[in-house]
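Encoded as structure tokens, the structure appears first; notes follow it.
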2 protein chains.
Amino acid sequence: MVKITDVARRAGVSPSTVSYVLSGKRSISAATQRRVEASIRELGYRPHAGARALASSRSNVLALVMPLRSGIHLPVQMQFAGAVATTARGHDHDVLLLTQEEGEDGLRRVADSALVDALIVMDVQLRDARAPLLRALPLPSVLIGFPAEADGLTCIDLDFTATGETCVSHLAQLGHRCVALLGSPPEVYARGTGFAQRTAAGFTAAARRYGMTSTVLPCEPTRAAARETVDRLLHDHPDLTGAVVHNEPALPLLTEAFQQAGMRVPEDLSLVAVCPDELAENAAVPVTSVAIPAAEVGERAVELLMAKLNDRPVPDATLLPPVLTRRASTAPRASAS
Amino acid sequence: MVKITDVARRAGVSPSTVSYVLSGKRSISAATQRRVEASIRELGYRPHAGARALASSRSNVLALVMPLRSGIHLPVQMQFAGAVATTARGHDHDVLLLTQEEGEDGLRRVADSALVDALIVMDVQLRDARAPLLRALPLPSVLIGFPAEADGLTCIDLDFTATGETCVSHLAQLGHRCVALLGSPPEVYARGTGFAQRTAAGFTAAARRYGMTSTVLPCEPTRAAARETVDRLLHDHPDLTGAVVHNEPALPLLTEAFQQAGMRVPEDLSLVAVCPDELAENAAVPVTSVAIPAAEVGERAVELLMAKLNDRPVPDATLLPPVLTRRASTAPRASAS
DNA sequence: GCCATTCGTCGAAGCGCTTCGACTCGAAGG
DNA sequence: CCTTCGAGTCGAAGCGCTTCGACGAATGGC
């Protein structure tokens, strides 16, 4: 194994000089710099991560806590993880994978043992037991999603309230007057997953503002539940012409259910989804949708963390604006039926 | 930060004794052991990972190289990653996430800097550029999948040859005489992804052995391609009564295409899939399938790595036997049509 | 009852790096 | 011309842990 003293000897300098070339923390003459860099290259030197961490008390590793229980749409998570890993590498950091299961102890463990410098926590619930812990830890962290009590924490997510509004607004502009939000299964709401509530709130508020009739219904991602939900919805609101689906796995099932109930998309019913673009594009009828900007969230999360690690100030809350892409599933309301 | 000397002082022993209690590398009297453990608990001591890595030249971290390009079925990957993380934790190791993109340099980097003790590489291709590197590295590694030249490497995967055979065998026992394998898109075969070839080989060999007529066709995961593939297949083999699908995203599309072509499942066509159980169970008609044992592969991969780290001998190749689960999509061939 | 072990513990020497103070040298300032 | 300063470099002191050899005490064999 080649070490810093080897590099130093070959370059005719002291180890500390090599270190300073590497870190840039002191000025080095151009000539020395060149010699040292050549020496590093020729020997294929790579600093020992442990030694570096010990001496500098920086491990250059971020922890990423992922919900490996399925449920949340996987592709979104993968995109997110990929963006985190890639962005972290761009800042000379690596990513340690922690599972949700490890819970608070896991966070404490990697923090106390100085395995990582900072934490990214995904799938944050409204009442998340990890929130107080993260506040107390000496390590910087970024949460994906917002707990009920977010002060003192740095959080980032798609702006779901605005997302609900955007969907309604799009339908309103097309002339729709009676709309519904088909959301996540009841247990997601019960679990207190903030985004579900927020979308519903934005949806309802915007509908009221536009003077539209609106309903919010949860929906299990099964064929039967989709069928039943749609039937009930159409029974209660026979003049329904617009629907927003915020439930990825149920999207195809609901589409199918609407069609079986005699509603053609988009002729009789305009459909907007909140889901990854990929899914919206590949549906039988491409669906107008607000994308989940997973990659951007991941990238921004890492940037926030890097800022915090370098004592740069960061905003407490980062809400990414929703972007609605029009596809074939929405159309102006048939003027007079 | 509480360190080993603090623990030692409070327990009335030397730091080395604390270290030996922690590692169990020397015998310690029960009384001392108890005092030290109490001291550790009371102070909430956690060894500094960097210091430990430096002194012991063991980081207790495994690298997991994941293909974050999508394509391969995501849920399978997630299950796999989850199993790796969980099993690693069971052996007191953590998992560092590397993306496929980082390629060989990434492997070299984490190896040379002693960031990790061992490597798990997913999505191995038949002609994988990383194979020679892994052979040369001083770190133990396990590959998920088999490269063409596998000697000197430790590999693990589902036994795809046996999988192809198992599917045929199941169909044969049900009386089918003319069967087809609908596989991955052509580019997967071209890329040299071993598992596709191996399934086809097992399938073809078994069909010959049973004296059955057999065909192998690739299929793109699009509605149009599925339609076309099925039409061609039925045109060329009008007496087809059994099909094996080894292409997760195309499974629903192919099922649909068969039905549109007038083949009811399982009355007219018995369908076997090679796919995660979850997918097979939730199809419109639950599909008889050979599961991809992602979790088991992940777990076994870590176990293999741990064995290698402890200088225990391990087999070069581990092939997990396929397990076929009967569901509603296969039935005896209609005796006389 | 004496020597040879074994058991349990300690002290000290690193592991490879960063960083702080100190030092040298040449340029700038009075 | 002497002082002051900054740029550039070095040496040494750790960072917190593991591990090796050594040592005293207890044990067992003869």
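Residue numbers begin at 1 in each chain, while the letters A, B, ... track the order of the sequences.
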Which residues satisfy the ring pair (Phe, Tyr, Trp, His ring centres under 6.0 Å) test with A:Phe160, sequence neighbours excluded?
A:Phe195, A:His246
Taking the side chain as every heavy atom from C-beta outward, state whether B:Val121 and B:Val142 have any atom pair closer than 4.5 Å.
no
Generate the contact string for nucleotides 23-28 of chain D. Rules: B means base contact, S means sugar-phosphate contact only, - means no protein heavy atom under 4.0 Å.
------
Checking side chain to side chain contact (heavy atoms under 4.5 Å, CB included) against B:Leu96, which of B:Leu115, B:Leu119, B:Leu64 comes through?
B:Leu115
Please work out which residues in residues 105-114 of chain A have a non-hydrogen atom less than 4.0 Å from an atom of DNA chain D and list them by number.
none
Below 3.5 Å is the cut-off: list the nitrogen or oxygen pairs between protein and nucleotides 24-28 of chain C, distance only.
none

N/O contacts under 3.5 Å, protein versus nucleotides 14-16 of chain C?
{"residue": "C:dC15", "atom": "O2", "partner": "B:Ala55", "partner atom": "N", "Å": "3.4"}
{"residue": "C:dG16", "atom": "OP2", "partner": "A:Lys3", "partner atom": "NZ", "Å": "2.7"}

Quick one: B:Arg34 CZ to C:dG8 C1', roughly how many Å, whole number?
15 Å
Using the salt bridge (charged side-chain N to carboxylate O under 4.0 Å, His left out) criterion, which residues pair with A:Arg46? Sequence neighbours excluded.
B:Asp112
Which pairs, protein N/O on one side and nucleotides 7-11 of chain D N/O on the other, fall under 3.5 Å?
{"residue": "D:dG8", "atom": "OP2", "partner": "A:Ser27", "partner atom": "OG", "Å": "3.0"}
{"residue": "D:dT9", "atom": "OP1", "partner": "A:Ser29", "partner atom": "OG", "Å": "2.9"}
{"residue": "D:dT9", "atom": "OP1", "partner": "A:Thr32", "partner atom": "OG1", "Å": "2.2"}
{"residue": "D:dT9", "atom": "OP2", "partner": "A:Ser29", "partner atom": "N", "Å": "2.9"}
{"residue": "D:dT9", "atom": "OP2", "partner": "A:Ser29", "partner atom": "OG", "Å": "3.4"}
{"residue": "D:dT9", "atom": "OP2", "partner": "A:Thr32", "partner atom": "OG1", "Å": "3.4"}
{"residue": "D:dT9", "atom": "O4", "partner": "A:Arg26", "partner atom": "NH1", "Å": "2.7"}
{"residue": "D:dC10", "atom": "OP2", "partner": "A:Ser14", "partner atom": "N", "Å": "2.8"}
{"residue": "D:dC10", "atom": "OP2", "partner": "A:Ser14", "partner atom": "OG", "Å": "3.4"}
{"residue": "D:dC10", "atom": "OP2", "partner": "A:Thr17", "partner atom": "OG1", "Å": "2.5"}
{"residue": "D:dC10", "atom": "N4", "partner": "A:Arg26", "partner atom": "NH1", "Å": "3.4"}
{"residue": "D:dG11", "atom": "O6", "partner": "A:Ser16", "partner atom": "OG", "Å": "3.2"}

Check whether B:Asp117 reaches the backbone of B:Asn60 with its side chain - one donor and one acceptor, N or O, closer than 3.5 Å.
yes
Backbone of B:Arg109 reached by a side-chain donor or acceptor of B:Ser113 within 3.5 Å
yes
Considering non-hydrogen atoms only, spot the tightest contact between A:Gln77 and A:Pro67 and give its length.
OE1-O, 3.3 Å
So which atom in A:Asp94 and which in B:Glu102 form the shortest heavy-atom distance, rounded to 0.1 Å?
OD1-OE2, 4.3 Å
Side chain to side chain contact (heavy atoms under 4.5 Å, CB included) filter on B:Glu101, not counting sequence neighbours, yields A:Thr86, B:Thr99
Nearest heavy-atom pair of A:Gly145 and A:Asp157: which atoms, and what distance?
CA-OD2, 3.2 Å
Taking only the side-chain nitrogens and oxygens of B:Lys25, find out if one of them lies under 4.0 Å from OP1 or OP2 of D:dT19.
yes
Find the bend of the helix from C:dG1-D:dC30 to C:dG30-D:dC1 as the angle between its two terminal axes (five pairs each), to the nearest 10°.
30°
Option among A:Leu158, A:Asp123, A:Ile120 that satisfies the side chain to side chain contact (heavy atoms under 4.5 Å, CB included) test with A:Ile144
A:Ile120
Non-neighbouring partners of A:Lys3 that pass side chain to side chain donor-acceptor pair (under 3.5 Å), sequence neighbours left out
none
Expressed as a whole number of angstroms, how long is the span from B:Leu22:CG to D:dC17:P?
9 Å
Show me, pair by pair, the donor-acceptor contacts under 3.5 angstrom made by side chains of residues 295-314 of chain A, not counting sequence neighbours?
{"residue": "A:Glu296", "atom": "OE2", "partner": "A:Arg300", "partner atom": "NH1", "Å": "3.3"}
{"residue": "A:Glu303", "atom": "OE1", "partner": "A:His91", "partner atom": "NE2", "Å": "3.0"}
{"residue": "A:Lys308", "atom": "NZ", "partner": "A:Ser141", "partner atom": "O", "Å": "3.0"}
{"residue": "A:Lys308", "atom": "NZ", "partner": "A:Thr154", "partner atom": "OG1", "Å": "2.7"}
{"residue": "A:Asn310", "atom": "ND2", "partner": "A:Met306", "partner atom": "O", "Å": "2.9"}

Sub-4.5 Å side-chain heavy-atom contact between A:Leu134 and A:Leu153:
yes
Donor-acceptor list for residues 13-26 of chain B side chains, cut-off 3.5 Å, not counting sequence neighbours:
{"residue": "B:Ser14", "atom": "OG", "partner": "B:Ser16", "partner atom": "N", "Å": "3.4"}
{"residue": "B:Ser14", "atom": "OG", "partner": "B:Ser16", "partner atom": "OG", "Å": "2.8"}
{"residue": "B:Ser14", "atom": "OG", "partner": "B:Thr17", "partner atom": "N", "Å": "3.4"}
{"residue": "B:Ser14", "atom": "OG", "partner": "B:Thr17", "partner atom": "OG1", "Å": "3.3"}
{"residue": "B:Ser23", "atom": "OG", "partner": "B:Ser19", "partner atom": "O", "Å": "3.2"}
{"residue": "B:Ser23", "atom": "OG", "partner": "B:Lys25", "partner atom": "N", "Å": "3.3"}

Minimum heavy-atom distance between B:Phe146 and B:Leu126, given as atom pair plus value:
O-CD2, 3.7 Å
Do A:His48 and A:Met1 have side chains that approach each other closer than 4.5 Å (heavy atoms only, starting at C-beta)?
yes
What closest approach, in Å, do B:Arg127 and B:Ala148 show between heavy atoms, and which atom pair accounts for it?
NH1-CB, 4.2 Å
